[in-house]
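A quick write-up on the structure given underneath.
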Amino acid sequence: MKQVYFYDKDTKKFNGYDVIEDTAEIPANATTVEPVDSNGVGLYDPTWNEATNSWDSLTEEEWKKKYTVPEVKPEPTQGEQAAAQQMLAVADLQGKVDTLTSTVDKLSKSNNELNVTLAQIMLQNATNAKNGGK
């Protein structure tokens, strides 16, 4: 059994591999030459070169340039934009509610302190009045 590597008849690009009997004839668009470099590492987009009876390869940089798809950032829909604006408005309102709650708490505490002071003054006044202003 031997492995054969196929290439497209027109473009000569690598097109897969198969195993055939040792006695079988190698198809016209195939070779037993493995599409790897001298270190046994696979090639970038290998293409069969009939003149040299070998595989040609892109460089890694050429391959990345050819096949790297630029990142496409999808545009948000109007609904998504409206939802985002609502979320910002809710967050802003929540911040204002928190500030108001804190302010009310401080005012309530201050009012309670004033009530205690007022009660003490009233008690003192009542005590003074009872004692005849002495």
Side-chain angles (χ1 to χ4, degrees):
M1 301 296 261
K2 59 185 167 189
Q3 202 161 20
V4 291
Y5 304 90
F6 292 93
Y7 52 88
D8 183 274
K9 291 176 186 175
D10 299 321
T11 65
K12 307 297 184 205
K13 291 189 179 282
F14 177 72
N15 201 17
Y17 64 93
D18 200 358
V19 177
I20 61 173
E21 295 290 332
D22 286 334
T23 57
E25 187 176 326
I26 298 173
N29 65 323
T31 179
T32 56
V33 178
E34 190 174 5
V36 294
D37 66 14
S38 59
N39 297 319
V41 177
L43 302 176
Y44 290 96
D45 210 9
T47 304
W48 183 246
N49 184 330
E50 291 177 336
T52 61
N53 201 33
S54 64
W55 293 98
D56 292 336
S57 175
L58 296 178
T59 65
E60 181 178 0
E61 292 77 27
E62 290 169 333
W63 186 88
K64 284 181 179 179
K65 187 174 181 179
K66 183 176 180 179
Y67 290 105
T68 300
V69 178
E71 183 180 342
V72 177
K73 295 181 180 179
E75 287 290 320
T77 65
Q78 285 183 338
E80 290 170 333
Q81 288 177 350
Q85 288 174 339
Q86 284 179 333
M87 289 171 62
L88 288 173
V90 167
D92 182 56
L93 288 173
Q94 185 61 52
K96 289 177 180 175
V97 166
D98 292 345
T99 300
L100 286 172
T101 300
S102 175
T103 302
V104 167
D105 288 346
K106 288 176 185 175
L107 288 173
S108 291
K109 183 177 178 185
S110 180
N111 189 45
N112 289 339
E113 290 170 357
L114 286 173
N115 284 339
V116 167
T117 302
L118 182 58
Q120 289 172 343
I121 291 170
M122 290 173 70
L123 179 61
Q124 186 63 45
N125 285 343
T127 303
N128 287 345
K130 181 179 177 185
N131 291 336
K134 295 182 184 175

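In this chain, numbering begins with 1 at the start of the sequence shown.
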> Which distance, rounded to the nearest 0.5 Å, do you find between the CG of Leu58 and the OG1 of Thr47?
Replying inline: 6.5 Å
What donor-acceptor contacts under 3.5 angstrom involve side-chain atoms of residues 90-101, with partners at least two apart or in another chain?
from	atom 1	to	atom 2	distance (Å)
Asp92	OD2	Lys96	NZ	3.3
Gln94	NE2	Asp98	OD1	2.9
Thr99	OG1	Gly95	O	3.0
Thr101	OG1	Val97	O	2.8

> How close do Ser54 and Thr52 get, heavy atom to heavy atom, and via which atoms?
Replying inline: OG-OG1, 2.7 Å
> Do other residues, nucleotides or ligands put more than 12 heavy atoms under 6.0 Å from the NZ atom of Lys2?
Replying inline: yes
>> Test side chain to side chain contact (heavy atoms under 4.5 Å, CB included) on Trp48 and Tyr5; report intermediate values, then the result.
In response: CA-CA 10 Å; Trp48 183 246; Tyr5 304 90; over 6 Å; no
>> Using the rule side-chain contact (heavy atoms from CB on, under 4.5 Å), only one of Thr11, Asn15, Asp10 pairs with Lys13; which is it?
In response: Thr11
>> As an exercise, state the distance from CG of Leu88 to CD of Gln86, rounded to the nearest 0.5 Å.
In response: 10.5 Å
> In Å, rounded to the nearest 0.5 Å, how long is the span from CG of Asp45 to CD of Glu62?
Replying inline: 10.0 Å
> Between Glu50 and Tyr7, what is the shortest heavy-atom contact and its length?
Replying inline: OE2-OH, 3.8 Å
>> Check Glu60 with Lys64, please: is the shortest side-chain N to carboxylate O separation under 4.0 Å?
In response: yes
> Do the side chain of Asn49 and the main chain of Trp55 share a donor and acceptor less than 3.5 angstrom apart?
Replying inline: no
> Looking at side-chain heavy atoms only, is the closest gap between Val4 and Thr32 below 4.5 Å?
Replying inline: yes
> Is the closest side-chain heavy-atom distance between Phe14 and Phe6 below 4.5 Å?
Replying inline: no
> Which atom names give the shortest non-hydrogen contact between Glu80 and Glu75, and what distance separates them?
Replying inline: OE1-O, 4.4 Å
> What distance separates Ile26 CD1 from Thr31 OG1, expressed to the nearest 0.5 Å?
Replying inline: 6.5 Å
Pairs of donor and acceptor atoms involving the side chains of residues 112-126, under 3.5 Å and at least two apart or interchain, shall be tabulated with distances.
from	atom 1	to	atom 2	distance (Å)
Asn112	ND2	Ser108	O	3.4
Thr117	OG1	Glu113	O	3.0
Gln124	NE2	Asn128	OD1	3.1

> Measuring from Tyr44:OH to Asp37:CG, what's the distance to the nearest 0.5 Å?
Replying inline: 9.5 Å
> Just wondering, do Glu34 and Gln3 contact through their side chains at under 4.5 Å, heavy atoms?
Replying inline: no
> Should we say atom CE of Met1 is surrounded by more than 12 heavy atoms from elsewhere, each under 6.0 Å from it?
Replying inline: yes
